[in-house]
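First the structure, in the form of structure tokens, and then the observations on it.
Numbers restart at 1 for each chain; the letters A, B, ... are given by sequence-line order, proteins then strands.
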Amino acid sequence: MRYSQFLITTLRDNPAEAEVMSHRLMVRSGMIRKLAAGIYSVLPLGQRVLHKTISIIREEMNRAGALEITLPIVQPAELWLESKRWNAYGKELLRFKDRHDRNFCLGPTHEEVITDLVRNTISSYRQLPLNLYQIHTKFRDEIRPRFGVMRAREFLMKDAYSFDRDEENAERSYQKMYQAYCAIFTRLGLTFRAVEADTGPIGGSFSHEFMVLAETGEDTIVSCTACDYAANLEKAEIGNEVFARNTTSKKRMQRVHTPGKKTVEEVSRFLGVPPSTLIKTLIFETPEGPIAALVRGDHDVNETKLKSILKCAEIFLADEDRIQELTNAPRGFTGPLGLSGIRIIADNALRSGTDYVIGGNEQDVHIMHVCPDIDFHVDIFCDIRCARDGDPCRRCGARLKTSRGIEVGHIFKLGTKYSEAMHATFLDEKGRELPFVMGCYGIGVGRTVAAAIEQLHDEHGIIFPQSIAPFDLVIVPVNSKDAIQMRIAEDLYHEAQRAAIDVILDDRDERPGSKFADADLIGIPVRLTVGKYAVSDKSIDIKVRKTGAVHKVTVDNAIPFVIQQLNAERL
RNA sequence: CGGGAAGUAGCGCAGUCUGGUUAGCGCGCAUGCUUCGGGAGCAUGAAGUCGGGGGUUCAAAUCCCCCCUUCCCGACCA
């Protein structure tokens, strides 16, 4: 490819719309342009990167035995009504009507469509296992799209769906995908980690998220410092702690006046006690009515855990009016004592300690020296808080630590959730009709590219891993009006092409500084500079983007050296 | 949906408070000359419904009202 025949539209200034680095660099390098919030056009440079990413994903999916298909983006409501997700999915599902007034939606995911396809196509255990995948556009009407393609509304996703005859085989399919994902992200040159995760609205029994490690990631990962346990914060379980309680020296409860002190911080400062001796009482609305969730003042409630304990999809914090109605006090003074008709769920940590401060369910009143389960009733104790640095690991008891990541892939064991709801069955060798045991497996393609950039960049721009760089090599003639330099550059260009190197020749009549800056910004792994030394003593500079190292080689050795450099990185 | 910020040439911004020549600057773009090892210099030029609608006024980018869009934080969410 010649620069003069390619469209590269780099920008010198950071776009005002972009805050995070990967977004800035994708816009500045000319990979993407925004059309509307969370909706992007992909330019030729970005398309090349996507292409290479997709190729790797496709190769590994095929290697794992999955078959590529294409499913429609526009989906009829009937299928979603069958799975009960037409109403359950929420506003992310963009619904609309066609000219005949029939309901449709844009597919945010494709479980319904694939299940429908398979139930009409597969009828025998002999046709299993089956894994079908596509790399296609999804639409999710996110409340707040952000960070460019990292959280877009319209985005490219690889989604795969496995169908098996039983749990055991489904487990095998799941493991195959797990391995394939590891292979994919390794080939993409990413530092990543697979973590246990909540299944969310997709449902199913078990899932892993693949996290690209990056400080700017939206997700918090909890991992063990000793064993290999790792989970999303939403899911991360806290190991058994020692719950010691000595009630012999317990003080009597005491009402205290706490005018205007509503937050944990205010109350703890006012009373001169540490936040860990306060109990936060949060009222949540659930489908079965309000519940009270109790955690220590220095802990945070984990709503995902709470949902899973309550076995419901939707809970939300009660608002000011509702709190007043239920507790006869404004927000900030809620406590478990005397709450009638409300289930009280307390975090395990509250099994320890006898001397807590709680809200008095009365304006400007708190109660001191309170012991859970003795001074007030607790319906159940369980793990409902977010894990923190230092908490014990569920598996081995060692300390947990937290870090940040970007979720680029998610694999689910779906079980028979969809196949049962939609009557997708096959006959086994004994003629029994059984529902497919399913799994589904997603990779956010654009997000993966963004995550790679987030992880691999410097002050000059993107440092693409060779596997997804838009070009392997850029050849820069310092002075494109110098016929001899240009001829050497052209010769090297052709030589590189013959060697199957994805090369671009910067034949623009630009100053060398601009060409270098663009090459760095775009993140081409290897740059070859043809200048006056190439003319005078056949010396070429080869610069490696990642390390910044400059190697001087002769014209004849240039391309072989480049090949060696690329092979060193190629996986 | 709550809080905050912003919409002026392709991009980045000034001008708005305090209404008043022809709406500016940098980058980019076009043409010419010189230059060419880390974003060159000079000259000439093209490019603007000042986000949209309404209002106030002799006069509106500037003041008032309504709306739209975008970004950030939160709530929410693969």
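Residue side chain A:Asp520 reaches the base of B:G38 through a donor-acceptor N/O pair under 3.5 Å, judged by distance alone.
For the pair A:Arg146 CZ and B:U69 C1', the interatomic distance rounds to 19 Å; values are reported in whole Å.
Defined by atom type and a distance below 3.5 Å, a donor-acceptor pair is present between the side-chain atoms of A:Glu111 and A:Thr109. Side-chain atoms of A:Glu234 and A:Asn302 include no donor-acceptor pair closer than 3.5 Å.
Between B:G4 and B:G41, the two P atoms lie 43 Å apart (nearest whole Å). Separating the P atom of B:C42 from that of B:C65 is a span of 46 Å, rounded to the nearest Å.
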Reading nucleotides 23-33 of chain B from 5' to 3' and marking B where a protein heavy atom lies under 4.0 Å of the base, S where only the sugar-phosphate is that close, and - otherwise, the string is ---BS------

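Residue order along RNA chain B, read from the 5' end via each residue's closest nucleotide, puts A:Ala16 first among A:Ala16 and A:Ala36. Each of A:Arg144 and A:Lys515 has a nearest nucleotide on RNA chain B; the 5'-most of these lies closest to A:Lys515.
Side-chain nitrogen and oxygen atoms of A:Lys307 include at least one within less than 4.0 Å of the OP1 or OP2 phosphate oxygen of B:C77. Between A:Arg511 and B:G39 there is no side-chain N or O to OP1 or OP2 distance below 4.0 Å.
Ring geometry for A:Trp80 against A:Tyr89 counts as perpendicular: the plane angle is over 60°, on a 0 to 90° scale with 30° as the lower cut.
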For A:Glu490 and A:Arg487, run salt bridge (charged side-chain N to carboxylate O under 4.0 Å, His left out): C-alpha distance rounded to whole Å, both residues' side-chain angles, the deciding distance at 0.1 Å, then the answer. CA-CA 5 Å; A:Glu490 289 272 358; A:Arg487 200 178 61 238; over 6 Å; no

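Of the residues in residues 536-544 of chain A, those lying under 4.0 Å from RNA chain B by heavy-atom distance are A:Asp541, A:Lys543.
Closest approach of A:Glu68 to A:Arg58, counting heavy atoms only: OE1-NE, 2.7 Å.
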